Undergrad: 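Dropping a structure here in structure tokens format, bear with me for questions.
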Amino acid sequence: MSVREVVVDGPVIVGAGLAGLSCAIELAPARCLVLSAGALSTGTSTGWAQGGVAAAVGPDDSPADHAADTLAAGAGLCDEAVVASITAAAPDAIEWLSSQGTRWDRNSDGTLRLGLEGAHGRRRIVHAGGDGTGAELLRTVVDAASKLESVTLWEHAPARRIVVEGGRVTGVEADTPDGPVLLRTTAVVLATGGIGGLFSHTTNPLSSRGQGLALAFRAGAALRDVEMVQFHPTALDVAIDPMPLVSEAVRGEGAIIVNERGEWVLADPLSARDVVSRAEWAQLQAGHRVFLDGRTTPGPRFAELFPSIHATAVAAGLDPTRDLLPVRPAAHYHMGGVLVDADGQSTVLGLFAAGEVASTGLHGANRLASNSLLEAVVCGRRVARRLRDGQSHPGRPSVELVETPLTPTAHLEYGAPLDTPDRRQLHQQVRRIVTAGAGVLRDEAGLRRALRDLQPHLDDDTGLVGYLVAHAALRRTESRGAHTRTDFPQLADPRHTLITIDDVEGIAA
């Protein structure tokens with residue numbers, strides 16, 4: 001099949017979640033093309049996020065306190081300057097989202113209603129629609145981007161390869177219902193989300209399988225700390241794949257975690273997620289079941305505070321005011337990703353990343369609750385400003401935008417292509433391998449087994465990213481944050497795990 005070549009008069013943004021569309025909106029009036037792998041407003045983790053956006057906007061709070069909590073959760077791998085910068089930008093991010101039309105939850109006096117989540121020292125979680133924050137933010141940026149003449153949105157157009165010539169980006173190949181297209185551009189922004197779909201138990205869309213990491217890796221970009229996968233401790237265990245999420249905020253409102261005997265699983269139910277997940281895993285391994293008990297608190301207010309969680313529980317035959325909610329750890333967020341600088345540029349000139357696919361230094365070894373949506377907004381906008389203003393590092397050329405009109409029309413509607421049965425079977429096989437070898441608890445034998453079993457599947461992006469996670473986890477011979485090695489239970493000196501295509505044999509660019 002012949003490949004159409006199109007010259008784009010601006011950056012190509014791969015991903016139409018919060019990070020990608022925040023970037024597109026901030027770029028205006030400069031033009032850009034946004035590629036969505038599926039239909040707009042679907043398949044993105046943004047729309048599934050419940051907790052909210054962390055921001056020091058309360059009278060008893062400060063960005064410094066927010067930064068301190070972030071650093072504590074990050075277990076020694078955060079970049080302090082990045083943490084300070086992003087937490088300082090959080091109040092403005094809330095205002096910017098308000099200006100774009102976000103309908104925040106407010107008190108009767110008009111002030112923002114603030115929630116509390118695990119490992120936060122203050123009520124600083126800004127919500128919309130109770131536990132529907134992600135859906136509201138996605139609605140906000142989709143509506144705003146769709147109204148801009150500068151933003152062209154292509155649906156059902158997954159990116160397949162980043163084209164790099166002479167050490168810098170010159171284009172991106174994408175599939176469309178009209179056939180493959182080579183989009184010529186000097187700037188590509190990856191905003192493709194995480195990797196939860198690589199695990200058998202996940203709260204992410206199953207399509208979130210690390211495609212952006214594979215694109216960047218094959219293009220020659222460095223990846224950092226890809227072994228750092230956060231398992232959310234309260235995924236609703238009711239035989240639904242992916243697993244419904246029970247927000248951190250439920251524990252913030254007083255719910256506790258118990259086993260079938262009613263015994264507390266850990267003394268502090270607001271511990272960081274890695275601590276809670278390990279405690280639950282130990283219970284499960286010992287043959288116990290684990291439950292979230294919200295019958296007393298939030299109790300009768302459960303449906304009011306968490307309407308979507310309540311509806312999900314009821315659909316599964318559970319009443320949160322009377323029943324214990326069965327939960328278990330599930331892959332939820334990826335702290336590792338494409339190594340980027342403060343403006344989102346990767347180690348390949350012209351290739352940028354924002355949101356979960358990026359490793360900015362904010363999250364370290366364990367993301368603080370509700371810092372993900374914050375990072376997506378702040379960093380998506382920063383990438384846009386870098387591109388719009390033509391800023392550059394000393395000694396590096398700035399990104400130049402090609403002044404040639406984009407020929408395809410905007411906002412095309414297509415039917416989404418389905419995976420073939422063989423690919424679906426392969427993805428399920430990869431999920432089983434990655435879960436067994438690189439789940440909540442890891443050891444050398446399990447990781448080496450995973451690498452061996454994934455070796456034949458390196459040509460597939462799913463197999464590749466699973467292999468990279470196991471590869472990095474084997475190299476980190478310590479337990480830190482979300483990464484637990486039962487054969488190396490102690491901390492070592494803080495260090496990052498960097499991987500490039502030159503580090504791993506048998507992988508083609």
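Quantities reported herein were computed from a predicted structural model and do not represent experimental measurements. Note that the numbering runs from 1 along the sequence shown for the chain. These numbers come from the heavy atoms of this one structure, side chains and all, not from hydrogens, waters or symmetry mates.
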Undergrad: Between S85 and R382, do the side chains contain a donor N or O and an acceptor N or O under 3.5 Å apart?
TA: yes
Undergrad: Please confirm whether the backbone N or O of W96 pairs with a side-chain atom of S99, one donor and one acceptor, at under 3.5 Å?
TA: yes
Undergrad: For V276, which of L266, V327, D268 qualifies under side-chain contact (heavy atoms from CB on, under 4.5 Å)?
TA: L266
Undergrad: So do T321 and P300 actually touch side chain to side chain, heavy atoms under 4.5 Å?
TA: no
Undergrad: When rounded to the nearest 0.5 angstrom, what is the spacing between CZ in R367 and CG in L362?
TA: 9.5 Å
Undergrad: Could you check if a side-chain atom of S479 sits within less than 4.5 angstrom of a side-chain atom of T484, using non-hydrogen atoms only?
TA: yes
Undergrad: With a 4.5 Å heavy-atom cut-off, do V14 and V357 have their side chains touching?
TA: no
Undergrad: Give me the ring orientation class for H66 and H120: parallel if the planes are under 30° apart, tilted from 30 to 60°, perpendicular past 60°.
TA: tilted
Undergrad: Could you tell me whether a side-chain N or O of D443 sits under 3.5 Å from a main-chain N or O of D487, the two making a donor and an acceptor?
TA: no
Undergrad: Run R328 and E280 through salt bridge (charged side-chain N to carboxylate O under 4.0 Å, His left out) and show every step you take.
TA: CA-CA 7 Å; R328 68 175 297 140; E280 290 182 352; over 6 Å; no
Undergrad: Strictly distance-based, threshold 3.5 Å: is any side-chain N or O of D343 a donor or acceptor partner for the main-chain N or O of Q345?
TA: no
Undergrad: Distance check, rounded to the nearest 0.5 Å: S146 atom OG versus L21 atom CG?
TA: 8.0 Å
Undergrad: Has E80 got a side-chain atom pairing as donor or acceptor with C78's backbone, closer than 3.5 angstrom?
TA: no
Undergrad: Below 4.5 Å, heavy atoms only, C-beta onward: do L114 and V126 meet side chain to side chain?
TA: yes
Undergrad: Establish, from distance only, whether the side-chain atoms of T497 and E227 form a donor-acceptor pair under 3.5 Å.
TA: yes
Undergrad: Hey, are D69 and R124 close enough for a salt bridge, meaning a charged N less than 4.0 Å from a carboxylate O?
TA: yes
Undergrad: Checking the side chain of Q50 only, and the main-chain atoms of S247 only, is there a donor and an acceptor separated by less than 3.5 Å?
TA: yes
Undergrad: Are E304 and H310 side-chain neighbours, meaning at least one heavy-atom pair lies under 4.5 Å?
TA: no
Undergrad: State the OG1-CZ distance between T234 and F291, to the nearest 0.5 angstrom.
TA: 14.0 Å
Undergrad: Examine the side chains of R113 and H127 and answer whether a donor and an acceptor come within less than 3.5 Å of each other.
TA: no
Undergrad: Give the intermediate values and the outcome of salt bridge (charged side-chain N to carboxylate O under 4.0 Å, His left out) for residues D225 and R480.
TA: CA-CA 11 Å; D225 299 338; R480 179 184 297 276; over 6 Å; no
Undergrad: Mark yes or no for whether R381, through its side chain, and I25, through its backbone, hold a donor-acceptor pair below 3.5 Å.
TA: no
Undergrad: Should V290 and I257 count as side-chain neighbours, where that means a heavy-atom distance under 4.5 Å?
TA: yes
Undergrad: Start with the C-alpha distance between R449 and D453, add both sets of side-chain angles, then the distance that settles salt bridge (charged side-chain N to carboxylate O under 4.0 Å, His left out), and finish with yes or no.
TA: CA-CA 6 Å; R449 189 180 309 114; D453 293 344; 6.0 Å; no
Undergrad: Whether the Q230 and N366 side chains hold a donor-acceptor pair (N or O, under 3.5 Å, no angle test) is what I'd like checked.
TA: yes
Undergrad: Fit a plane to each ring of F306 and F302, take the angle between them on a 0 to 90° scale, and name the class: parallel (under 30°), tilted (30 to 60°) or perpendicular (over 60°).
TA: perpendicular
Undergrad: Apply ring pair (Phe, Tyr, Trp, His ring centres under 6.0 Å) to H334 and list each qualifying residue two or more places apart in sequence or on a separate chain.
TA: none
Undergrad: Output yes when a side-chain donor or acceptor of H483 lies under 3.5 Å from a complementary backbone atom of E478, and no otherwise.
TA: yes
Undergrad: In sequence, state the C-alpha distance, the side-chain angles, and the governing distance for L27 and I13, and then conclude on side chain to side chain contact (heavy atoms under 4.5 Å, CB included).
TA: CA-CA 11 Å; L27 270 168; I13 300 171; 4.2 Å; yes
Undergrad: Would you check if L116 and I125 make a side-chain contact, meaning some heavy-atom pair closer than 4.5 Å?
TA: no
Undergrad: For the residue pair P326 and L318, establish whether any side-chain heavy-atom pair is separated by less than 4.5 Å.
TA: yes
Undergrad: Using distance alone, with no hydrogens and no angle criterion, decide if N259 and E263 have a side-chain donor and acceptor under 3.5 Å apart.
TA: yes
Undergrad: If you take all heavy atoms of S370 and G51, which pair is closest and at what distance?
TA: OG-C, 3.7 Å
Undergrad: Strictly by modelled atom types, are W104 and S98 linked by a side-chain donor-acceptor pair under 3.5 Å?
TA: yes
Undergrad: D503 side chain to T500 main-chain N or O, any donor-acceptor pair under 3.5 Å?
TA: yes
Undergrad: In Å, rounded to the nearest 0.5 Å, how long is the span from NE2 of H496 to CE of M228?
TA: 9.5 Å
Undergrad: How far does CD of E117 sit from CZ of R122, to the nearest 0.5 angstrom?
TA: 16.0 Å
Undergrad: Supply the atom-to-atom distance D143 CG to T102 OG1, rounded to the nearest 0.5 angstrom.
TA: 10.0 Å
Undergrad: What I want to find out is whether R224 reaches D79 closely enough, with some N-O distance under 4.0 Å, to be called a salt bridge.
TA: no
Undergrad: Is the backbone N or O of H201 less than 3.5 Å from a side-chain atom of R431, with the two atoms forming a donor-acceptor pair by type?
TA: no
Undergrad: So, the side chain of T46 versus the backbone of G134: is there a donor-acceptor pair under 3.5 Å, distance only?
TA: no
Undergrad: Could you check whether the rings of H232 and H332 sit parallel, tilted or perpendicular, using 30° and 60° as the cut-offs?
TA: perpendicular
